[in-house]
Amino acid sequence: MPEFHFPWIEISILVPLIGAMWVHIHGQRENTTAHAIVCCAATLLLTIGELLDFLFMGTFEAHDHGRLLSWIFNPEFFVVDELSAFLIPLSALIYLVVVMSTLRTKTPRFSLRLALLSETLLLATFSCRSSWALVGLLIAATIPPYLELRQRNRCTRIYVLHMSVFATLLIAGYAWLSLTDSTPSSTLIPGALLTAAALLRAGIFPLHLWMTDLFEKATFGTAILFTTPLAGAYAVMRLVLPIAPSWALQSIAVLSLTTAIYAASMALVQRKARRMFCFLLLSQSSLVLVGLELVTPIGLAGALCLWLSVGLSMTGFGITLRCIESRISRVSLVDYHGMYRQMPMMAGFFLLTGLAAIGFPATVGFVGMELLIEGAVDVYPFVGTFVVLAAALCGITVLMAYFRIFTGHANRALIPMNARPTERFAVLMLTLLIVGGGLVPQPGVRSRYHAAKELTNQRVRLLGPAGEGDALHSDDKIDLHSEH
């Protein structure tokens, strides 16, 4: 297996871990947030270097150079492939912008130490190919939100119940799978257990109650960090996709599509901004799962593109709401707040990120949504109609929330409402990526389509004759020089 020219993976995982230890030792000081920002920025630069090194190599997968931690881990413990190469810098970017948008007055409530620790676990999860280790990392990532809920003296019953079931299903399913052979009949029950665990982590209806509970009781920043990277979708790709038959995956796609429409409808009638954001994110993440389970190159490429766009746009949408909350407390969607005159930059960014999440033209989500619909129609014609319906409902929700928050009679505040420099920088970074990815989508689409073809071919090789049905559309072509 090819190796990087520098140990990017291990160092990028160690940097936020060292930062968490540094913040824990120094406690809550005035410069603690600055130290956390520097740590997250360094991690982002390392992950970008890892991505560039990977692209220049022109290979499907690669492992670290030198293996600093070879005395602890197997040499091929951390491996990056075309699926995770873009997810790792995306995750680092999400943590950076969330930490940068945290006001100093909110640091006693939003634990920077737990945020950096969860970043370490997430980067290790997206870099891990060893399945038992992946199971352990997925379970360990659920601990930081629990610790925050305990620190805030909030009821943890719903969250603990769901995450305990998730851990039990994950361990039981993979243990059963490792004790059986790879025939379709023997992997049916362990595959069902792993699927249930992944769908629970992704919040698929009716296993979504923990998400609304987390957004209600945890800090907004922690809820964003735990949900927007879509770790549940990654569990589906690594643990479920290689072993599940095509009919099972298409059934999961129908269930995910039902969740997308249900969540979009629920977002439309919410009276609180946090719950609206939660259901909007749940709807968009379910659409990603719809594409992942279609197992056709075009549908899978659309899902991988949409995965990146949902991470960028929903994170930007969330930090906009978070910045408003930090100034006027929790936002109600019953009244008109008239915030545009006081926060014009946030108003524009709110609208941009909300429309990007539903695939508005000239944004990063447009091509991904179009490819997803095209791939879905190839499998089930009615699926494309429901994907458009879910996107339309989400679009109405975004516009309704924009009018409720930023229009109406302006209420003058006694404190400054303008964005701070770090908030402006975070907004600028996400804006450039959202608009740039929409205006120049070809490099990203080409990379995601190639990854989709390789993942589809790997699945066919693993399943043998049982996976030939999934290769039905494996020769589908996409014109990368067309209007996409």
Side-chain angles (χ1 to χ4, degrees), residues 86-87 89-91 93-94 97-98 101 224 228-230 233 260 263-264 267 276-277 280-288 290-291 298-299 301-321 323 344-376 384 387-403 405-406 424-449 478 480 482-484:
F86 285 84
L87 298 178
L90 172 65
S91 303
L93 177 64
I94 290 173
V97 296
V98 169
S101 62
I224 292 173
T228 53
L230 306 187
M276 180 272 297
F277 175 82
L280 195 64
L281 173 62
L282 181 57
S283 177
Q284 296 302 305
S285 62
S286 298
L287 291 180
V288 174
V290 170
I298 291 181
L304 295 179
C305 291
L306 195 62
W307 192 338
L308 301 179
S309 68
V310 167
L312 285 174
S313 56
M314 292 307 297
T315 299
F317 195 73
I319 66 172
T320 308
L321 286 176
C323 291
M345 175 184 289
M346 288 299 175
F349 188 63
F350 182 93
L351 195 58
L352 172 66
T353 54
L355 294 178
I358 62 172
F360 193 77
T363 63
V364 69
F366 174 63
V367 175
M369 185 66 74
E370 186 175 351
L371 290 176
L372 176 63
I373 294 173
E374 183 178 350
V387 170
V388 173
L389 176 61
L393 292 174
C394 291
I396 296 172
T397 300
V398 170
L399 292 178
M400 182 201 69
Y402 174 82
F403 290 130
I405 296 174
F406 294 103
R424 294 176 183 173
F425 187 73
V427 166
L428 178 62
M429 283 195 302
L430 291 177
T431 300
L432 291 176
L433 290 172
I434 290 173
V435 177
L439 296 178
V440 190
Q442 184 175 351
V445 175
R446 181 188 293 112
S447 170
R448 298 299 82 199
Y449 182 66
I478 178 172
L480 295 176
S482 65
E483 62 182 359
H484 299 315

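Note that the structure is predicted; figures quoted are calculated from it, not measured.
Taken to the nearest 0.5 Å, the CZ atom of Phe350 stands 7.5 Å off from the OG1 atom of Thr320. Rounded to the nearest 0.5 angstrom, Leu355 CG and Tyr402 OH are separated by 10.0 Å. One finds the CG atom of Leu312 at 10.5 Å from the CE atom of Met429 (value rounded to the nearest 0.5 Å). Considering CD1 of Ile358 and CZ of Phe360, their distance stands at 7.5 Å, rounded to 0.5 Å. Remark: Ile319 CD1 to Thr353 OG1 distance equals 8.0 Å, nearest 0.5 Å. Between atom CD1 of residue Ile224 and atom CE of residue Met314 there is a gap of 9.0 Å, rounded to the nearest 0.5 Å.
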### Task
Give the C-alpha distance, both sets of side-chain angles, the deciding distance and a yes or no for side chain to side chain contact (heavy atoms under 4.5 Å, CB included) between Leu281 and Val310.
CA-CA 8 Å; Leu281 173 62; Val310 167; 4.2 Å; yes
### Task
Please lay out, stage by stage, how Val445 and Leu371 fare under the test side chain to side chain contact (heavy atoms under 4.5 Å, CB included).
CA-CA 10 Å; Val445 175; Leu371 290 176; 4.1 Å; yes
### Message
Checking Gln284 against Leu287 for the side chain to side chain contact (heavy atoms under 4.5 Å, CB included) test, could you report, in this order, the C-alpha distance in whole Å, the side-chain angles of both residues, the deciding distance, and whether it holds?
### Response
CA-CA 5 Å; Gln284 296 302 305; Leu287 291 180; 4.1 Å; yes
### Message
side chain to side chain contact (heavy atoms under 4.5 Å, CB included), that's the test. Do Leu321 and Met276 meet it? Break it down for me.
### Response
CA-CA 11 Å; Leu321 286 176; Met276 180 272 297; 4.3 Å; yes
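In this structure, Gln442 and Val367 have side chains that are not in contact, with every pair of non-hydrogen atoms separated by 4.5 Å or more. Leu93 places a side-chain heavy atom less than 4.5 Å from the side chain of Leu433. For the pair Pro441 and Phe366, the minimum side-chain heavy-atom distance is 4.5 Å or more. Annotation: side chain of Leu87 is not in contact with side chain of Pro229 (no heavy-atom distance under 4.5 Å). The shortest distance between side-chain heavy atoms of Met369 and Val387 falls below 4.5 Å.
Heavy atoms from other residues, nucleotides or ligands lying under 6.0 Å from CZ of Phe425 number 12 at most.
Ser101 places a side-chain N or O within donor-acceptor distance of the main-chain N or O of Val97, the cut-off being under 3.5 Å. Ser283 contributes no side-chain N or O that, together with a main-chain N or O of Leu280, makes up a donor-acceptor pair within less than 3.5 Å. When atom types are taken as modelled, the side chain of Thr363 and the backbone of Gly359 share no donor-acceptor pair closer than 3.5 angstrom. No donor-acceptor pair closer than 3.5 Å links the side chain of Trp307 to the backbone N or O of Ser285.
The shortest heavy-atom contact between Val364 and Ser309 is CG1-CB, 3.6 Å. Nearest heavy atoms, Ala356 versus Ser313: CB-CB, 3.9 Å. Residues Phe349 and Gly316 share a closest heavy-atom pair of CE2-O, 3.4 Å. For the residue pair Leu372 and Val290, the shortest heavy atom distance occurs at CD1-C, 4.4 Å.
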